[in-house]
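Remarks on the structure that follows.
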Amino acid sequence: MSATPEFTSTSPALRRVARGDLCSGCGACTIAADGKVEMQETAQGFLRPRVIAPLTASEDEAIGDVCPGLGQTVNDDGASFDPMWGPLESVAIGHSTHSDLRFAGASGGSLSAICKFLLDSGRVDLVLSVSASPTDPVANQAKRCINVRDVTDAAGSRYAPSAPLDALRRLLREDTKIRIALVGKPCDIAAFQQLKRTDAALGDRVPITLSFFCAGVPSLVAADRVTSSLGFTWDELETFRYRGNGWPGRATATNAAGDSASMTYMESWGGILSGEVQERCKICADGTGMAADIAFGDAWESDENGYPIFEEKDGESLIVVRTGAGQEVLDEATSAGEIVHTSTSPRAIDPIQPGQRNKRRALQVRLLGRRLAGKPVPKYRGLHLGTMTRQADLRFLAKNMLGAFRRAVFPRERPTRQR
Ligand SMILES: Cc1cc2nc3c(=O)[nH]c(=O)nc-3n(C[C@H](O)[C@H](O)[C@H](O)COP(=O)(O)OP(=O)(O)OC[C@H]3O[C@@H](n4cnc5c(N)ncnc54)[C@H](O)[C@@H]3O)c2cc1C
Ligand code: SF4
Ligand code: SF4
C-alpha cells in the first residue's frame, strides 16, 4: 500500500501535488476544472481529487494557480501586518451570548454567533459549513445553514476531512443568485481567494469568509480508532461528536440504543488524532486563517510554564479580524447583541497558541528538509518564513529539518480504513 494516496490524473499540476503528498483536500480543483475533477475518499481516509475527464492546458494551469498544495500568497502590505499572525484589524477574546450556541461551539461559539448574525441580518442567504455525515458519523458532509437551528447543528470542530470548495461548486451551480458565507479551513479560504482573483463574480456571491485556527486534518482511520477505543464498532455507531458541548468538550460516540461513551480532548486530539494528520499539514505555513475575513481559535488559558490548560469550562474563542469587512461584521454582530468580547493585543496570541507559533518557526527548515529529499513543496509568498526562522534556536531547527527530511525519504505506510 502506497503512503501517498493514488491520483488517477492526466494533470501535471495534480501529479506534482500527488508526488509531494501536498493535497489538503480543499476541493478548489473541482471548481478550476469544473466537471472534470471530483473529490473522493481514499482508502487511507482522506479526501483527494480524481480526474474524470481529460483536462485542457488552461484547466491544468488554473489548478496550479489555486491549489494550496502548490502555493499560497498572503497580502502583507497592510499597516497592521504581524509577521507571526498575519493581517490583523483587531484581536479579541469572546463568546456567543446565546448559551446553547456557546455550549455547542468548539470554543466560545463565536464563529457560529457570526454565522447567526449574517443570516438574521440578511447579509447572506446561506452559510456553508460542515456537520456529521448521516451514513458515516465520524466523516463530514457539507451543511447548508439557513437558520439558527442549522448553525447550532453545525457548531463544534470536526477533526476530519472536508472539501468546502467542492460543496461551494455544487451550490453555485444550483443557484445563481444566492449570497453565501463560506466557513472553511485556512487552506480552503486561501484557495477560495485565489479563485476569486480569476473570477471576480465569486466575491459578490461569497461576500464573507470565516475560518478557524487549524493544526491539521487527521485521517478517518484515526477517527475510527477513537470510536473503537470507546468500545463501538463502525457499524453500530449512530452519532459522533469530536468536541463542543462544553469547552473543549469530549469526543462522544453514541449507538442506536442511546448508549454513549466519551473521552477527553487530550485523549482524542492529543492521544490519537493529532498523530494522524495529512502530510500537507506538517508543512502548512498558515494554520491561522490569514486569508479569511475573520478567523477563530481557542483562547486557551496557560499554566505557569506557558502550556495551554484543557480543563472543562465555559468556552472562550480567540477572534482574529483580518479585513475591514470582517471588522464591520464583528462590530455589527456585537451591537446586535450576538457576541461579547474583550480586545486584546496580537502578542496575547503567542502564549495561547504555542503549537501554531512553533510550526511557523519550524516551517522554512521543514521545507528545506523536503527539498533536500527531492520532494516538491508549496511556494509561499508573504508568509515571512525567514523572520520566523530567526526566532528559533539551532537545535530546534536541526531537529525539524532532519524530521522533515526523514519523513520525505521514508514516508510511513498509512493504514487503510477497515470496513
Ligand atoms: C481540523 C481542525 C483543527 C483545529 N486546530 C486548531 C488549533 O490548532 N488551534 C485552535 O485554537 N483551534 C483549532 N481548531 C479550531 C477550534 O477547534 C475552533 O473551531 C475555534 O476555536 C472556533 O470555535 P467556535 O466555538 O468559535 O466555533 P464554532 O461555533 O464551533 O463553529 C465552528 C465552525 O467550523 C465548522 N467546521 C468544523 N469542522 C470543520 C471542518 N473540518 N471543515 C470545515 N468546517 C468545519 C463548523 O461547521 C462550524 O461552522 C481546529 C479545528 C479543526 C476543525
Ligand atoms: S489541495 Fe485542493 S486544489 Fe490542491 S489538489 Fe488537493 S483538493 Fe485539489
Ligand atoms: S493544517 Fe493547513 S493544510 Fe492542513 S488542513 Fe489545516 S489549514 Fe489546511
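Indexing begins at 1, ligand by ligand and atom by atom, following the structure's order. Here the structure is a predicted model, which is why all the values come from computation and not from measurement.
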Return yes when [X] approaches ligand 1 closer than 4.0 angstrom through a heavy atom, no otherwise.
X      : value
Arg102 : no
Cys214 : yes
Gly156 : yes
Gly355 : no

Taking [atom] as the reference point, the nearest protein heavy atom with its distance:
atom                    : result
atom 3 (S) of ligand 3  : Arg280 NH1, 3.5 Å
atom 3 (C) of ligand 1  : Tyr159 CE2, 3.4 Å
atom 8 (Fe) of ligand 3 : Cys187 SG, 2.4 Å
atom 19 (O) of ligand 1 : Ser157 OG, 3.0 Å

Please confirm whether Arg158 makes a cation-pi placement over Tyr242, using NZ or CZ under 6.0 Å from the six-membered ring centre and within 45° of the ring normal.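 Ring-cation test returns no.
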As a check for students: among [options], identify the option with a heavy atom nearest to [atom].
atom                    : options                        : value
atom 8 (O) of ligand 1  : Pro354, Pro248, Ala215         : Ala215
atom 1 (C) of ligand 1  : Gly216, Ser162, Ser107, Gly249 : Gly216
atom 2 (Fe) of ligand 2 : Cys26, Ala28, Gly71, Pro378    : Cys26
atom 31 (O) of ligand 1 : Ala142, Ala104, Gly244, Ser112 : Ser112
atom 38 (N) of ligand 1 : Arg158, Lys116, Lys185, Lys359 : Arg158
atom 9 (N) of ligand 1  : Gln353, Glu316, Arg243         : Gln353

Is ligand 3 less than 4.0 angstrom away from at least one heavy atom of Gly216?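 The answer is yes, since Gly216 has a heavy atom less than 4.0 Å from ligand 3.
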Do any of the N/O/S atoms of Cys67, backbone or side chain, fall under 2.8 Å from atom 4 (Fe) of ligand 2?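 True for Cys67.
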Any N/O/S of Cys284 under 2.8 Å from atom 6 (Fe) of ligand 3?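 Here the distance criterion (N, O or S atom, under 2.8 Å) is not met by Cys284, so no.
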Just distances here: any N/O of Phe296 and N/O of ligand 1 closer than 3.5 Å?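 For ligand 1, there is no N or O atom that lies under 3.5 Å from one belonging to Phe296.
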Going by the atom numbers of ligand 2, which of them fall below 4.0 Å from some non-hydrogen atom of Leu14?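 Answer for ligand 2: 5 (S).
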If you count the atoms of ligand 2 from 1 in the order shown, which ones are under 4.0 Å from a heavy atom of Cys23?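 Close to Cys23: 1 (S), 5 (S), 6 (Fe), 7 (S).
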Ser58-Glu61 side chain donor-acceptor pair, cut-off 3.5 Å: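 On atom types as modelled, these side chains do not qualify, holding no pair under 3.5 Å.
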Is it the case that the side chain of Asn400 and the backbone of Phe396 share a donor-acceptor pair, with hydrogens and angles ignored and the cut-off at 3.5 Å?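 Pair found, side chain donor or acceptor close to backbone of Phe396.
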Which ligand 1 atoms are under 4.0 Å away from a heavy-atom of Ala160?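 Heavy-atom distances to Ala160 below 4.0 Å select 41 (N).
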